[in-house]
Amino acid sequence: GENGAKKVKLDNKSSGQNAPSKVIHVRNVAPDATEADIINLGVPFGRVTNILLLKGKNQAFLEMADVEKASAMVNYYNYMTTVVRGRPVYIQYSNHSELKTDNAPAQQTAAAQAALQAAQSLIPGGVGMGGLTVGVGGMGAMGATALIGAASPNPVSPQGQPNSVLRVIVENLIYPVTLDVLHQIFSKFGAVLRIVTFTKSGTFQALIQFADAASAAQAKTSLDGQNIYNACCTLRIDYSKLETLNVKYNNDKSRDYTRPELPAGDGQPSLEQAMGLVPGGLTGSIPLAGTIPNLSAASAAARLAGLQQAGSVLLVSNLNTEMVTPDALFTLFGVYGDVHRVKILFAKKDNALIQMAEPHQANTAMQHLNNLRVWGKNIRVTLSKHNQVQLPKEGQPDAGLTKDFTASPLHRFKKPGSKNFLNIYPPSDTLHLSNIPASTTEEELIDLFTSTGGAVQAFKFFAKDRKMALLKMGSTEEAVHALIKMHNYQLSGSNHLKVSFSKGQIS
């Protein structure tokens, strides 16, 4: 009937807003991409059950075994852009609930089936490691068998069986190595799904889980013994005994790229994490030592420090142009991450660009603030295509619309392991106040918050600690306005009030 391949072609160009489905729509596919290339995008997340490549339209459809696997895939690729044959591909749910390919030409169906069979052997619990010799989408091309130990001169010992999880030790740690630095280096070899970092007996270590054992093998072969920066930070890489990593929190010590919704932290870090990680905020593209001759570690570090990571800049639109200022946006977005720069667009003052310290914080801010009502309008928050916010050139008129907050003393998340990571909650009508001086009364605080234009409904000091209180406004929107005006308000000579959204209500 007519509901075959032809109907599939009509998938709209929506922005990923379709309801979750096990069918995934892939756009901007390179003309020379094969079925195997597209299947490889899905293999890390589970069984791929069908594929349709629409060559002339630069699109493809992939059907996963179930919606859960499809949503892990969509989450991962929304967080990490991936490139197939030199072109970034865009991945979203299809508006079809299943993929019917009965009408596709026989030759195409045969190619799709062959590629699906080949991919099955790559899946853990499939035909086993032997499957890695199959030339799926370039995996075979890198000689996976040679990397897997069977054909290598050093047979792998039983506890270090080839595996998709690598254990990485960084020796000679002169410069800090962060989770983002590791992600950047290792993701050159394939999709990195999860990373956990910790310090053990004085050495900085990481567990890095790839989507498949072949990528892990290639990363191990290419990077073992390499220096991250010239003459320091040497990588020692083994296979881990773990089959998979269980990540509970997305923060600067651990991250699950397939689950951007995970919270940032918990009051009881594991023993290994509690031993203290090397703090460090170097991000950017890493020139591996050896690939760039004579690059001293110091200049590498300097280059890195200046480079901003892609995915850290947010575009905020539908702002109230009468009310918006860089400082107000700094305070509101600063609840969810450290804001480095804010630019209100000169030609479109209801739009602003906000550069966060790193992509994870941008993501957290976007999740909590998109569609929030601020100054009478629902703001829209999306990731910007810009990698950083440009400051105006010396002497250029800017009318105070751009502001650099990099050196601000008001960042909430600067200290690694800061308690603020544990207290990130969505906007609500109840605010958490802290740093209240002993001399300030309940009446004074209620008056101050009433002066922000809202009505205070309830107030309560913490029984155990009078420096803190909960305060309930008439609505979430009133609470947002109060937070913007009152966070960092000077209550006494040395006390600046700290305001954030509360997780609990006033009982």
Side-chain angles (χ1 to χ4, degrees), residues 16 20 24 41-46 64-82 91-93 123-124 163-168 177-199 204-213 215-216 219 239-274 277 283 309-312 336-337 356-368 383 413 416-417 421-422 424 426:
I24 286 169
L41 296 170
V43 162
F45 305 96
M64 300 299 286
D66 57 50
V67 174
E68 187 190 12
K69 311 244 181 340
S71 76
M73 177 175 170
V74 169
N75 278 340
Y76 176 82
Y77 290 119
N78 279 342
Y79 198 81
M80 298 301 311
T81 304
T82 192
I91 287 173
Q92 63 192 40
Y93 297 114
I123 294 177
N163 181 359
S164 61
V165 181
L166 297 176
R167 186 183 62 140
V168 178
V177 172
T178 62
L179 182 144
D180 291 311
V181 163
L182 291 172
H183 183 264
Q184 217 150 356
I185 295 171
F186 281 81
S187 57
K188 291 187 170 57
F189 299 93
V192 171
L193 303 187
R194 298 174 188 91
I195 302 181
V196 177
T197 62
F198 52 92
T199 301
F204 177 68
Q205 304 195 14
L207 293 168
I208 299 178
Q209 181 176 359
F210 278 94
D212 55 79
S215 302
Y239 291 110
S240 164
K241 296 186 189 108
L242 297 169
E243 296 284 306
T244 184
L245 300 178
N246 178 16
V247 174
K248 295 193 178 64
Y249 306 110
N250 282 335
N251 54 31
D252 54 359
K253 297 183 176 57
S254 63
R255 204 152 307 164
D256 185 335
Y257 295 94
T258 67
R259 298 187 60 201
E261 77 287 354
L262 286 175
D266 154 62
Q268 303 299 316
S270 71
L271 179 68
E272 291 176 324
Q273 288 172 330
L277 247 162
T283 56
Q309 280 179 283
S312 303
Y336 298 108
M356 306 296 286
E358 51 104 32
H360 177 63
Q361 295 181 4
N363 217 47
T364 307
M366 178 165 71
Q367 285 176 7
H368 288 300
L383 275 177
F413 303 101
F421 281 109
L422 318 180
I424 295 182

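In this text the structure is predicted, and so the values were computed from the model without any measurement.
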Is there a side-chain contact between [X] and [Y] (heavy atoms, below 4.5 Å)?
| X | Y | answer |
| --- | --- | --- |
| T178 | E358 | no |
| V165 | Y239 | no |
| Y93 | S71 | yes |
| I195 | F186 | no |
| H360 | D252 | no |

Atom pair [atom1] ([X]) and [atom2] ([Y]), whose distance is rounded to the nearest 0.5 Å:
| X | Y | atom1 | atom2 | result |
| --- | --- | --- | --- | --- |
| M73 | Q92 | CE | CD | 11.5 Å |
| L193 | Y257 | CG | OH | 10.5 Å |
| D256 | Q209 | CG | CD | 8.0 Å |

Checklist entry - side chain to side chain contact (heavy atoms under 4.5 Å, CB included) with Q367: which residues, sequence neighbours excluded? => result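 Listed in chain order: P260, N363.
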Next on the checklist: Please check: side-chain N/O of S187 versus main-chain N/O of V192, any donor-acceptor pairing under 3.5 Å?
Outcome noted: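 Between the backbone of V192 and the side chain of S187 there is no qualifying donor-acceptor contact (under 3.5 Å).
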Checklist entry - Where the side chain of S164 meets the backbone of A211, is there a donor-acceptor pair that is under 3.5 Å apart? => result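 Such a contact is absent between S164 side chain and A211 backbone.
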Checklist entry - Who pairs with F210 by ring pair (Phe, Tyr, Trp, His ring centres under 6.0 Å), at least two apart in sequence or on another chain? => result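 F210: no ring pair (Phe, Tyr, Trp, His ring centres under 6.0 Å) contacts found.
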Distance-minimising heavy-atom pair for [X] and [Y]:
| X | Y | value |
| --- | --- | --- |
| L166 | A216 | CD1-O, 3.6 Å |
| N163 | K241 | ND2-C, 4.2 Å |
| S215 | G190 | OG-CA, 3.8 Å |
| H368 | I424 | NE2-CG2, 4.0 Å |
| F413 | Y336 | CE1-C, 3.6 Å |
| L182 | A206 | CD1-CB, 3.6 Å |

Item to check | Listed partners of T364 passing side chain to side chain donor-acceptor pair (under 3.5 Å), at least two apart | outcome: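 Expected list: none.
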Item to check | Pairing residues for R259 by the side chain to side chain donor-acceptor pair (under 3.5 Å) criterion, not counting sequence neighbours | outcome: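 For R259 the side chain to side chain donor-acceptor pair (under 3.5 Å) partners, ignoring immediate neighbours, are E261.
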Checklist entry - Looking at I91, T258, V67, which one forms a side-chain contact (heavy atoms from CB on, under 4.5 Å) with V74? => result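 Testing each of I91, T258, V67 against V74, the sole residue satisfying side-chain contact (heavy atoms from CB on, under 4.5 Å) is I91.
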Checklist entry - So among I208, L245, N250, N246, which one has a side-chain contact (heavy atoms from CB on, under 4.5 Å) with R194? => result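 Running side-chain contact (heavy atoms from CB on, under 4.5 Å) over I208, L245, N250, N246 with R194 returns exactly one hit, L245.
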